[in-house]
2 protein chains.
Amino acid sequence: MSKYVYLFKDGDQSMRNLLGGKGANLAEMSRLGLPVPQGFTVTTEACNAYYDAGKTISQDIIDQIFAALTATEKESGKKFGDANEPFLVSVRSGSRASMPGMMDTILNLGLNNISVEGLAKKTNNPRFAYDSYRRFIQMFSDVVMDIPKSNYEHLLEKMKEAKGVEADTDLDANDLKELVSQFLTKYEQLKGQPFPQDPKEHLIESITAVFRSWDNPRANTYRRLHQIPYNWGTAVNVQGMVFGNMGETSGTGVAFSRNPSTGEKELYGEYLFNAQGEDVVAGIRTPKPIVELATDNPAVYNEFVRLVDILEAHYKDMQDMEFTIEQGKLYFLQTRNGKRTSQAALQIAIDLVNEGVLTKEQALLKVEPNQLDTLLHPQFDAEDLANAEVLTTGLNASPGAATGRVAFDADRAREMVAETKQPVILVRVETSPEDIEGMIVASGILTARGGMTSHAAVVARGMGKCCVSGASQLRIDEHNKTFTVNGQTFKEGDWISLDGSTGKVYNKEVKTVDATVSGNFGVIMGWADEIRKLDVRANADNPHDATVAYDFGAQGIGLCRTEHMFFEESRIAAMREMIVAPNVEAREKALAKLLPMQREDFKGLYKAMKGYAVTIRYLDPPLHEFLPTQKDDIEALAKEMNMSFKDLQQVIDSLHETNPMLGHRGVRLSVTYPEIARMQTQAVIEAAIEVTKEGLTVIPEIMIPLVGEVRELKAIKKVVVETADAIIKTSGIDLKYLVGTMIEIPRAALLADEIAKEAEFFSFGTNDLTQMTFGFSRDDAATFLGDYYEQKIFEEDPFQHIDQRGVGKLMKMASTLGKEARPNLKLGICGEHGGDPSSVEFCHNIGLSYVSCSPFRVPIARLAAAHAQIKNPR
Amino acid sequence: MSKYVYLFKDGDQSMRNLLGGKGANLAEMSRLGLPVPQGFTVTTEACNAYYDAGKTISQDIIDQIFAALTATEKESGKKFGDANEPFLVSVRSGSRASMPGMMDTILNLGLNNISVEGLAKKTNNPRFAYDSYRRFIQMFSDVVMDIPKSNYEHLLEKMKEAKGVEADTDLDANDLKELVSQFLTKYEQLKGQPFPQDPKEHLIESITAVFRSWDNPRANTYRRLHQIPYNWGTAVNVQGMVFGNMGETSGTGVAFSRNPSTGEKELYGEYLFNAQGEDVVAGIRTPKPIVELATDNPAVYNEFVRLVDILEAHYKDMQDMEFTIEQGKLYFLQTRNGKRTSQAALQIAIDLVNEGVLTKEQALLKVEPNQLDTLLHPQFDAEDLANAEVLTTGLNASPGAATGRVAFDADRAREMVAETKQPVILVRVETSPEDIEGMIVASGILTARGGMTSHAAVVARGMGKCCVSGASQLRIDEHNKTFTVNGQTFKEGDWISLDGSTGKVYNKEVKTVDATVSGNFGVIMGWADEIRKLDVRANADNPHDATVAYDFGAQGIGLCRTEHMFFEESRIAAMREMIVAPNVEAREKALAKLLPMQREDFKGLYKAMKGYAVTIRYLDPPLHEFLPTQKDDIEALAKEMNMSFKDLQQVIDSLHETNPMLGHRGVRLSVTYPEIARMQTQAVIEAAIEVTKEGLTVIPEIMIPLVGEVRELKAIKKVVVETADAIIKTSGIDLKYLVGTMIEIPRAALLADEIAKEAEFFSFGTNDLTQMTFGFSRDDAATFLGDYYEQKIFEEDPFQHIDQRGVGKLMKMASTLGKEARPNLKLGICGEHGGDPSSVEFCHNIGLSYVSCSPFRVPIARLAAAHAQIKNPR
């Protein structure tokens, strides 16, 4: 028989997979002797068993829960559901990875119509007792019974109105008792039966409700975003209640052992007197900074500081803690490694090394590569910013600069981005987990209420997204979709800008400038570079992008898509002339016009990369992409080309394909029109020679796309080598170049040993390789992928993270076969996966030489490569 | 140093790969003591060396040729190029596989302006000498110098005209001498220099010309058709000339040791007196039957019969021989296993077993599986065909003979058949799925556009229906319902006939005769069935096809494409209603209409298969295929559906996909709309139960298409099993069924071990698997595949023969992984490759349980499976 329930005192921090993060840390704190209310954890395996049994909890698990409850009661000296002195517990989720706010919590279990009286008497605090009970009814109804909270909140508001008070705390015991009665009536109205009265039933129902919340839409979205597998499941923690709402000597709060925004070594946090945790998170009352506790209650404050130091030293990382003071006694309800901004992550990592706590390797692992994203994105242009007016200043909840159009709810935010392709700022009174999808698409988040640890702040920091929270001067009219601040009114679609590092909100669109790698960022990147074995290149098609990439530390260009150069206004005419050419001569004439342009492009790239390798992919897309589709445009082009409309239409029709993805593109174009490969080779080599004459080193790597058969490569390589060698010989310059191929067709991976005989390098084109291995196109998959995620058929987007089991198997096979045939084969990747940390780690593990990604992801890939080497040295 | 040249006396029949078929047999005949003019063979390796060196023959090879020439001269007692008694030779191609007429031959080498005089004197036959020389000039100019023969033929005709004679043989020595002079002048005019005079130069030039002819377009086409690899190369045979044109005691001919048309055991052939071989082949003079030789020259005839018997006994097969009689002496110039008609192939195989010459296994290998094709389709009555005129020739897309009245659209085709009860030929520019009903009722299909893998061709082959596609000379006027070809116009209702085996279109009704598996055919099939280990199933979508398949020996249905049932007139309305349904309820309502129809379909299939397994593939194509594309049709449908045009257009637009191949189809439809899988399961199972109640055995195999991830299969299998088991339980019948999947997505093959945990069988869908493994779609590949074949990047059509290196590697991997996870996993194939003999052999070799092919290819697959077992017993 499996053990599904562990008392806190029976666990420790190593049991995170079984007990979840919260459960393991509660056990660990308990083990360390910290003041933790006793309780137990129902394991993640119990959650999986629940789902495997068709969402049913087994009698075995129920029995183990009640056994653990009995053991916990015994320690507390009280009894669960007792009429006179009831033992109250909380039920909280806790999965292996932190998923803040995604799942459900229920507090104050153990109360019913009878025990609430006992609690009132025993504590001599009826106000507290009824407040606790009405909270329980509300949470249980919401989480377990699917009755929206608003039903009860409405009654609460009416009561406050009737009593002429503003704060919940201004209601007295009788008001709350009356409210409890109203809540119970409301429940019966809505459900057709009275509110259940058996606390043991409450407990089991609540635990299964938390299990169910593992599968709610926002949890599913969050997991996909953070690559958390569904089959991890969540644990459930049942813990004795301690009360921050037992009067003015009670309180509750959250704190960080260092500043999560800057990384500064200072105790940081907020607390509220006479409140339960939900009040702090919900942002209904504005909490006090933690330092004020030193004045309010020096003894508790000093004890708190002492215990925080113990925790940080124990976990060797910045801690994020929840605590409650019950009538002057301090309890810890949670500790975990705190989420932090990118700036803070760098500062903390460097400080922990300097303090001698961590090695460089350990410290690097504390910085999430994806987090660097915020540091890499544009900051406000100082000059343009001078013209903007500061509307108000909120809390600097998550750093970065964001500019965009105002949207007032998540749905509209998504629609506006889809429609306008312009950035959006999500403006909310406060955010809740239901807003998660809107937060994902928004460039920045602005809230009127809520502190540094409010939902908006925590989630935005997790996403590395700019957020200003608690901008309390904002008056938001959700109904009319406007907000007013300092006399100015903004409506949906108006532009505003946010500075998440200062909390400032600006009244207009503000230009942004590029980020640079310096300071702490530079230090961390330096450490990463010392450690990593995997080179990082960039995908860049023009000198500007190449320069950005170089400045971000790219060690070469892994992919230059030459077709991007042809789409430019000044060139597309020659390109179109090439496409409609009736014969080789006419085609060569048009290509001759493109040659000098390409040559200049390549010179620019070579110069920008200052001697690093530049990989140039030959023309790839189907030719129809260069031609117009609308009648007017076709007419205009026909005129320009001196052709009849009919003839041009015929060319366009002849290029039409049923499945263009699987059509005449890539190397297939060069097989049909070798003159294109000849022109491109001429441009690549002549540019290299000219730059070499200017004293620079150049190593062009010529990359043939979409190869599926070695003879394709052989045929085009012959054209390339003949052309190149003739030019090099004439020039008298000793120029080296490589000819390689992309591995992006399954067959190329399967026959990589044959292909490696001709290819001097492989570059995995994982975008196409993913499409063909899965047999679906990115353009069309959207129609059904939603259903796939919903049914957990896929948990991750294979275009974002390499599908290691399937596509990765082909990559491994190709790497192995390729190296067997050519031991010094250079292996790289240039799909979009090259900038994704989990994919970078995979590339390191299968022995690639480099990854290539967009310039703005180069530092992320550098750090991810260092992580990979630390985890799996090679 | 490699040995590139072998004297005939140094070789034997085992050296076919090196010496080619002709060379090895000349050596063998020489070894057996038959009268063979001496000579030598330049090997296939020399041919490959020639190409590897950029079409240059090395000095080493030249030296070996001249050394062999010297040895040959020595035996003949004459000298090559000698002025007085020149030794003359022929230069002939000879590859490993027989490629009759595809490559070049040059006769009478050794003659020039001087030696022709010597020959005239020595033979005392100036007519013969000049005739030989003018033939040489003509052939050498044509084959080596690229001067079309017509230049010379024109002069020959003029000469005959001037002399007032009809036959070449009527020209005398002086005429021919004059003609030689005219030929030489003509040559100089065309080439700007005199005709070369060095016989050694002629020899080397001729040998390299034969090497070059390995790469001529007709040889390339022939190889692709017969799967002969380019890298086999051709050998070249240089052989002393013997002359059938030395007067009336000389002659030349070809003969078969049995009748190649019927297989009858009788000497069969033709000969001509005073002629060279080319005269027999060219048909300028009408040759005499070989039996007349018995009267004309009994001694030679008896010797000939004796030697033919020796050869047939030696090779244990019907021989095809070339011979020459030079002044009363018989020489053999070639022997090979003779090509024969299908009927003859069967007769000879059976006779050779009965004669005790061959075992059944050996005899079966003498029958080419593909040859059976002609026996399986209706044939034209030969006598009636003689009265018909060939209008045009298109592609021989699907074999058989069809005659009928012209119909220009599917609806009219159905009406005409219903009204007239007479056969119809559907004539379309190209067909689309909407034409399916018309294709079903038509006796044959003729299209103006589309290749061997166009919709018309694929569907017609699947139906075993005659089809000529891509008849590009057809001008179809759909509006006026006429077509014009070569100046003749046909209107609706006119009679035409098609020969799908040759691509010919005839101008009138031609009588046909039906095929049956009986007599010799039945005997051979019986032997094949005794031997083979691989089961053969058929792809059939309706009871008629299933019955045909059963009669042809199919052991089950390997693929029933359920969507074909939905295209029928009476059903497409319900199908469309299902597609445009705004919600699940509406969709289920429409599905309920389809249910009884599907159930009847399946009952019909089960009954037709009499207890064999029936594999039913669930809905596969993208839904837009069921909707109209033209405005008029959309308007009509909107009306029918009681929808606005705009709403329907919106549905159609929403279903549009960029790459429908890689879109929302296959299992993806069932993931989005599980109600479809539920309805199909209900139909499959209810039909099985009804048929079981009638006393038949049924084993439905439910096949989920396009699976790429085990969780897809798991999700749909759950729907299937829940639905099926509930129905079975209610029925009280003990019904077994299997749930399996197609392996047609590369990822499915890569993760076959995971998928096999859920799948009870795999069926390789090699059409899609080929498309995705190669990364090109059949619909679009035509634009570039021509260039690929021309440049030898591909030598075979991977949609016709399994690409064993690439796609086959995935198949092997999937088979191995699948069996590891589920040892009793049933493995099959249902792509079009299932009826291709080389693919059947591959399927046998990798251990599949069955192949499934179109009904008309079932006997071919049965024989191919027997061949596979004989070659590689398992």
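Here is how names work: the chains are called A, B, and so on, in the same order as the sequence lines, proteins then strands, and each is numbered from 1.
A distance of 7.0 Å separates CG in A:Leu662 from CD in B:Gln771, rounded to the nearest 0.5 Å. Atom OG1 of residue A:Thr773 and atom CE of residue B:Met772 lie 10.5 Å apart, to the nearest 0.5 angstrom. Put simply, CD1 on A:Ile793 and CG on B:Leu713 are 10.0 Å apart, with the number rounded to the nearest 0.5 Å. Rounding to the nearest 0.5 Å gives a distance of 6.0 Å between CE of B:Met661 and CG of A:Asn659. Note that CG of B:Asp779 and NE2 of A:His656 are 9.5 Å apart. Values are rounded to the nearest 0.5 Å.
Residues passing the ring pair (Phe, Tyr, Trp, His ring centres under 6.0 Å) test with B:Phe784 are A:His664, B:Phe776, B:Tyr788, sequence neighbours excluded. In terms of the side chain to side chain donor-acceptor pair (under 3.5 Å) criterion, A:Asn231 has no residue partners (sequence neighbours excluded).
Interface check for chain A: of the options B:Gly775, B:Gly806, B:Gly708, the most heavy-atom pairs under 4.5 Å are formed by B:Gly775. For chain B, the option among A:Glu790, A:Glu657, A:Lys714, A:Glu744 with the highest count of heavy-atom pairs below 4.5 Å is A:Glu657. Chosen from A:Ser654, A:Pro660, A:Ala781, the residue pairing most often with chain B at heavy-atom distances under 4.5 Å is A:Pro660.
More than 12 heavy atoms of other residues, nucleotides or ligands shown are found within 6.0 angstrom of CD on A:Glu419. Atom CD of A:Glu585 is surrounded by more than 12 heavy atoms from other residues, nucleotides or ligands within 6.0 Å.
When all heavy atoms are compared, the tightest approach of A:Lys792 to B:Arg711 is O-NH1, 3.3 Å.
Using a 4.5 Å cut-off between heavy atoms, A:Glu709 contacts chain B through its side chain alone, with no backbone atom that close. When heavy atoms are compared at a cutoff of 4.5 Å, B:Gln791 approaches chain A solely by way of its side chain, counted from C-beta outward. Proximity to chain B (any heavy atom under 4.5 Å) is restricted, for A:Ala715, to the side chain, taken from C-beta onward. Within the 4.5 angstrom heavy-atom criterion, only side-chain atoms of A:Asp803, from C-beta onward, approach chain B.
The stretch residues 746-755 of chain A places A:Pro746, A:Arg747, A:Leu750, A:Leu751, A:Glu754 near chain B, each with some heavy atom under 4.5 Å from a heavy atom of that chain. At a heavy-atom cut-off of under 4.5 Å, chain B is reached by A:Val667, A:Arg668, A:Val671, A:Thr672 from residues 667-674 of chain A, listed in order of number.
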